Amino acid sequence: GVLKIGLIPADGIGGEVIPAARDAILALGSALPKTEFVTLDAGFEYFTRHGEALPDETVHALQQECDGALFGAVSSPSNKVAGYSSPIVALRKALDLYANIRPVLAVPKDPNEKPSVDLVVVRENTECLYVKQETLTFGPDGREARATRLITERASRRIGLKAFEIALARPRKHLTIIHKSNVLSVTDGLFRDTVKAIPSQHDKYADVTVAHQIVDSAVYRLFREPEIYDVMVAPNLYGDILSDAAAALVGSLGVVPSVNAGDTFVMGEPVHGSAPDIAGQNKANPIAAIRSAALMLRYMGFSDGADRIDAAVDAVVRDGSVLTPDLGGRSGTNEVAAEILKRI
Ligand code: NAI
Ligand code: MG
């Protein structure tokens, strides 16, 4: 059959890095089934022109025609804009992409050396504070803002199962549950206890060692001794913050990929945002998007193709002569992408 991949570049540097990711897939040639791409609309820019951020056609095309997808980034204004709501949050919900899987890897200079950072953040992708139920009321002390934080046993269990599955497939088989149940004992307590109980319900995870850690000290230890972590599973907000923090340890947000995964569909997405400060200047690092394409292929069952893309990226990073400014180089998005394609 034909593989159909939806491309949603959306805003800012999304439009610069998603074409590079598409080209990396195309460069695999006959290593993949015949692949077709369909470009789909979403984003803030689209909203300003059409009054909606995520057209129904995009959701329908992904649901009905596509085998996988790649998302760029959206620009979300930090003040509320009437009628606007982030399309990426909506897409994760619409497609039930409940796991955001973010591998963070430092490429060592010598390929035989152990990487200084080699971990995966497994972020719950559908609830926590990101249910976005916020209210503003007026009280005796002035304005009062409230937000609902939802943690369910079902969502905690299914993200926990994903995290155990990922840990089991890695050499170290170590999982750290991230929480703040010393303060938020009800919500974070439910998350921690639900994930912790999984090995007692599923024998297959007996070989996975489990630790749990409070989120603030986890960030501290992440910076001091990143090598202690293998797989980290966290509620939505902590996972979002932890993975950007971990990106600092490997040089740039511009190299960290992710997939949004459900039980039947995956959507690759670089961890970074739309980077308006460098958009349109041929400065964006395409590596995060290219590795997101590889990760998407891996989750679709094409691990040979994924390995080839990752090996090409590793080689370009190791070589060091063609890199974007975020990694200390002087090359543009296009040159880095071309160098990677050449090696694929
Ligand atoms: P950002 O991730 O866009 O940028 C943070 C910093 O990292 C900037 O200095 C940027 O230049 C740099 N950077 C990011 N990606 C890079 C790349 N590929 N190559 C080189 N440098 C890179 O985060 P920021 O600036 O806080 O947010 C900008 C916009 O992106 C906001 O509107 C925000 O809402 C949105 N955003 C969207 C996300 C998504 O679509 N999933 C995730 C995070 C932010
Ligand atoms: Mg983020």
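As the structure lists them, so they are numbered: ligands from 1, and atoms in each ligand from 1. Here the structure is a predicted model, which is why all the values come from computation and not from measurement. Values reported hereafter were calculated over all heavy atoms of this structure, with side chains retained and with hydrogens, waters and symmetry mates removed.
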>> Going by the closest heavy atom to atom 31 (C) of ligand 1, which one wins out of Gly273, Ser76, Gly43, Ala73?
In response: Ser76

> Just distances here: any N/O of Glu269 and N/O of ligand 1 closer than 3.5 Å?
Replying inline: yes

>> Quick check on the hydrophobic clustering: are Leu3 and Leu95 connected, directly or via other members, by side-chain heavy-atom contacts under 4.5 Å?
In response: no

> What's the shortest distance from atom 8 (C) of ligand 1 to any protein heavy atom, and which residue and atom give it?
Replying inline: Asp277 OD2, 3.4 Å

> Does the Asp118 side chain pair with the main chain of Leu105, one donor and one acceptor, at a distance under 3.5 Å?
Replying inline: no

>> Let's go through Leu40 and Leu7 carefully: what are the C-alpha distance in whole Å and the side-chain angles of both, what is the deciding distance for side-chain contact (heavy atoms from CB on, under 4.5 Å) to 0.1 Å, and is it a yes or a no?
In response: CA-CA 6 Å; Leu40 303 166; Leu7 300 176; over 6 Å; no

> What protein N/O/S atoms are found closer than 2.8 Å to the Mg ion (ligand 2)?
Replying inline: Asp240 OD1

>> Among all the protein's non-hydrogen atoms, which is closest to atom 22 (C) of ligand 1, and how far away is it?
In response: Ile278 CD1, 3.9 Å

> Does the pair Arg298/Asp307 count as a salt bridge with the N-to-O cut at 4.0 Å?
Replying inline: yes

> Nearest protein heavy atom to atom 28 (C) of ligand 1, by residue and atom, and its distance?
Replying inline: Pro276 CD, 3.5 Å

> Which residue owns the protein heavy atom closest to atom 7 (O) of ligand 1, what's the atom, and how far is it?
Replying inline: Leu253 CD1, 3.9 Å

> Closest heavy-atom contact between Leu119 and Ala246?
Replying inline: CD1-CB, 4.4 Å

>> Checking a contact table here: which protein heavy atom is nearest atom 29 (C) of ligand 1, and how many Å away?
In response: Ser274 OG, 3.3 Å

>> I'd like to know if the side chain of Asn236 reaches the main chain of Tyr130, judged simply by a donor and an acceptor atom lying under 3.5 Å from each other, with no hydrogens or angles considered.
In response: no

> Are Arg149 and Ile151 side-chain neighbours, meaning at least one heavy-atom pair lies under 4.5 Å?
Replying inline: yes

>> Return the closest protein heavy atom for atom 19 (N) of ligand 1 as residue, atom name and distance.
In response: Asn285 N, 2.8 Å

> Taking Asp11 as the fixed residue, which of Tyr46, Phe47, Phe44 is the one that meets the side chain to side chain contact (heavy atoms under 4.5 Å, CB included) rule?
Replying inline: Phe44

> So which of Val74, Thr333, Leu327, Ile13 gets nearest to atom 40 (O) of ligand 1, if we judge by its closest heavy atom?
Replying inline: Val74

>> Distance under 4.0 Å to a non-hydrogen atom of Asp326: what atoms of ligand 1 satisfy this?
In response: 19 (N), 20 (C)

>> Counting non-hydrogen protein atoms only, what is the nearest one to atom 12 (C) of ligand 1? Give residue, atom name and distance.
In response: Ala275 CB, 4.6 Å

> Of all the non-hydrogen atoms in the protein, which one sits nearest to atom 14 (C) of ligand 1, and at what distance?
Replying inline: His272 CB, 3.6 Å

> What atoms of ligand 1 come closer than 4.0 angstrom to any heavy atom of Ser75?
Replying inline: 32 (O)

> Do any heavy atoms of Ala284 fall under 4.0 Å from ligand 1?
Replying inline: yes

> Backbone N or O of Ser181 within a donor-acceptor pair of the Ser185 side chain at under 3.5 Å?
Replying inline: no

>> Protein heavy atoms near atom 35 (C) of ligand 1, is at least one of them under 4.0 angstrom away?
In response: yes

> Can you tell me how far CD of Gln63 sits from CZ of Phe265, rounded to the nearest 0.5 angstrom?
Replying inline: 9.0 Å

> Does a side-chain N-to-carboxylate-O contact under 4.0 Å join Glu165 and Lys162?
Replying inline: no

> Between the main-chain N or O of Gly280 and the side-chain N or O of Glu16, is there a donor-acceptor pair closer than 3.5 Å?
Replying inline: yes

> For residues Ser258 and Asn100, is any side-chain donor paired with an opposing acceptor at under 3.5 Å?
Replying inline: yes

